[in-house]
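Take a look at the structure below.
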Amino acid sequence: MSTEKSLNFLEEIVKEDVTSGKHGGRLLTRFPPEPNGYLHIGHSKSICLNFGLAQQFGGQTNLRFDDTNPVTEDTEYVDSIMEDIAWLGFKWANVFYASDYFDQLYNFAVKLIEQGLAYVDDSSAEEIAALKGTPTEPGKDSPFRSRSIEENLSLFTRMRNGEFKDGEKVLRAKIDMASPNMHLRDPLMYRIKHAHHHRTGDKWCIYPMYDFAHGQSDAIENITHSICTLEFEVHRPLYEWFIKKLDLYPSRQYEFARLNLNYTVMSKRKLLQLVNEKHVTGWDDPRMPTISGLRRRGYTPESIRAFAEKVGVSRRDNIIDVGLLEFCIREDLNKNSLRAMVVMDPLKLIITNYEEGKTEILKGENNPEDEQSGTRDIPFSRELFIEHEDFKEVAEKKYFRLAPGLMVRLKSAYIIRCDSFVNDESGNIIEVHCTYFPESRSGSDTSGLQAKGVIHWVEANTAIPVEVRLYDRLFGVEDPSSEEGDFKSYLNPHSLDMKSKALGEPSLKKAAVGDKFQFLRKGYFCVDRDSVGGKLIFNRTVPLKDSWAKEQKK
RNA sequence: UGUCCGAUGGUGUAAUGGCAACACUGCAGAUUUUGAUUCUGCCUUUCCAGGUUCGAAUCCUGGUCGGACAACCA
């Protein structure tokens, strides 16, 4: 209806708050990852949302590491997270850590104890769970719930001083064991962990729980809009309870539906398993849905941002078709990548009427979508290699590639006609013989001939050997997590297909790690960092759409 | 037999009481020295039942279905 782009529900809330001057017109969001794994495509939605919203409405965004659990967290993850966010193109106003607030958080806890709103519980984890009730049954009070303020204060101090072992005591908020909201049934605030923290070292042996750290961290930073995923919705009453009892800045939490992609998994726990059990080569394996994996695969920040924009924001569960992600990267790379020719499965082709020993230099368009991109030199001679699948002994209907008697155009070169082919002892085709038409040279074609098909090729003497890694979806089913049994049993055994005998045109020699190309008729590829010792290795980012392959499947 | 949240084409997302639309996918065609790109057309949609209203995808009631919540994880 309207020509204006409609706003998603978060944009509407923020716009309303900013224009009404709710926080003095101020807007501050935050992105709060836990440094216990690498960021994935789902996080990129959250990143684009938090940073994008701030950008759009004149605010800022803090990066805050939610590092309240020293046993799972590591600086390796901190570094990768910062790298990924910067790579995506976003700038944070500040980098903070929840651990920056450990002293304040401790004082908040003391304050609640003094108000009679928190107590030290000697129960074991099992005992606490047993008294917690279930979502449909109320819980029961802990026998330690009515300790005096003085005793709680003393015990909590002793917890901090390291007088107790892990698990011996916890600090709990005193709220309501019968609350229909499980999170309000005297939630844990602090637990004892004699563990080394990646930032605070051995200063602490008690660490705040997420619920006791997150909301207050937002409040300490004066975050105006605390945006997170739907599973934290039931935490919001607790978040607000702490803010109210501690009289802190009233940050408000808003929840949106997390991104799900089909044919992959998105939980850090599962991704970590794939890494640890070597189903992939690492967090940045090009098949991983991690940001570092997508980067190595050849995805651009622009394409991921476009994807985040296209999937939209709402509060209902969703599973996005990975085809949309592929559309976004094709759209970007079609406009922006240089073209080159690479033959994956080489088949020798001899042009019998072409002078032996002669080489001529032809011109190839670098990018037909970009007039400024110019041309490159491509050598041509009597001996070439073409794609094995571009030749057939017997042409079927609608087939317009090479077959005896058929003509095709060699891209950027001449039209040729296939005259014969050579088999080896076992019947494999090892050579194709053709005649070329000298007047059909690309750009100055006066032959009047018409070839329906166009195929790519490389010149035999100048082609460079390259390795090409063809990737397919990591899993064979749309939603591995919802299938019976172990999700790993649904891994796609063909998710990586190595073409180690591929040949590339000589212009590729100067390609550097990360450079992106469209290999004509094949797909988009980028140079992998494994390229060493002069041999180039290319990752296939995504294949070109292939309506011929589709036709053949029918 | 709890609380909270949600339900619009195959997948997502709009429409904010007034003609259900956009993108992706799929199908058909045109163009093409990439069976790519581009362009054109087409298929397909408001969970159900009541109610309010001149008028309901939208508001109300009741159902149905789906999701979240019972870690000393975040």
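Letters A, B, ... mirror the listed sequences (proteins, then strands); counts begin at 1.
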Distance-only donor-acceptor test, A/E137 side-chain atoms vs B/U1 base atoms, 3.5 Å: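 No, the side chain and the base share no sub-3.5 Å donor-acceptor pair.
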
Check: A/Q518 side chain, B/U34 base, donor-acceptor under 3.5 Å: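 In this structure, the two groups form a donor-acceptor pair.
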
We want to know whether [X] and [Y] form a side-chain donor-acceptor pair, criterion being a heavy-atom distance below 3.5 angstrom.
| X | Y | answer |
| --- | --- | --- |
| A/Y239 | A/S226 | yes |
| A/S179 | A/N181 | no |
| A/D370 | A/S373 | no |

When you measure from the side chain of [X] to the backbone N and O of [Y], does any donor-acceptor pair fall under 3.5 Å?
| X | Y | answer |
| --- | --- | --- |
| A/R185 | A/K140 | no |
| A/R376 | A/E365 | yes |
| A/S440 | A/F437 | yes |
| A/D186 | A/I175 | yes |

Duplex segments of RNA chain B, taken as runs of at least three Watson-Crick or G-U pairs that stay under 3.5 Å: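 Stems for RNA chain B, defined as runs of 3 or more consecutive pairs: B:2-7 with B:64-69, B:10-13 with B:21-24, B:26-30 with B:38-42, B:47-51 with B:59-63.
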
Touch check for [X], heavy atoms < 4.0 angstrom, all strands: base, sugar-phosphate only, or nothing?
| X | result |
| --- | --- |
| A/I319 | sugar-phosphate |
| A/P237 | nothing |
| A/R339 | base |

For A/F307, ring-ring contact (aromatic ring centres under 6.0 Å, His included) partners two or more places apart: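 Counting only residues at least two positions away or on another chain, A/F307 forms no ring-ring contact (aromatic ring centres under 6.0 Å, His included).
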
Contacts of type ring-ring contact (aromatic ring centres under 6.0 Å, His included), residue A/Y399, not counting sequence neighbours: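 A/Y399: no ring-ring contact (aromatic ring centres under 6.0 Å, His included) contacts found.
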
Within-4.5 Å side-chain heavy-atom neighbours: A/L188 and A/F212: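 No - every pair of side-chain heavy atoms lies 4.5 Å or more apart.
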
Close side-chain approach of A/Y299 to A/I41, heavy-atom, < 4.5 Å: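 A/Y299 vs A/I41: side chains apart.
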
Nucleotide B/A57, atom P - distance to CZ of A/R316 in whole Å: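 After rounding, the gap between these two atoms is 16 Å.
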
C1' atoms of B/A28 and B/C19, separation to the nearest Å: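 Going atom to atom, C1' in each nucleotide, I get 28 Å.
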
Protein proximity profile, nucleotides 69-74 of chain B - base contact B, sugar-phosphate-only contact S, no contact -, cut-off 4.0 Å on heavy atoms: SB-BSB

Letter per nucleotide, 5' to 3', of nucleotides 23-33 of chain B [B base touched, S only sugar-phosphate touched, - untouched; heavy atoms, 4.0 Å]: -SSSSS----B

Residue A/E233, side-chain heavy atoms: nucleotide from B/C5, B/A36, B/G12 that is nearest: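 Given the options B/C5, B/A36, B/G12, the side chain of A/E233 is closest to B/C5.
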
Residues from residues 251-260 of chain A lying under 4.0 Å of RNA chain B - heavy atoms: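 When residues 251-260 of chain A is checked for heavy atoms under 4.0 Å from RNA chain B, there are no hits whatsoever.
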
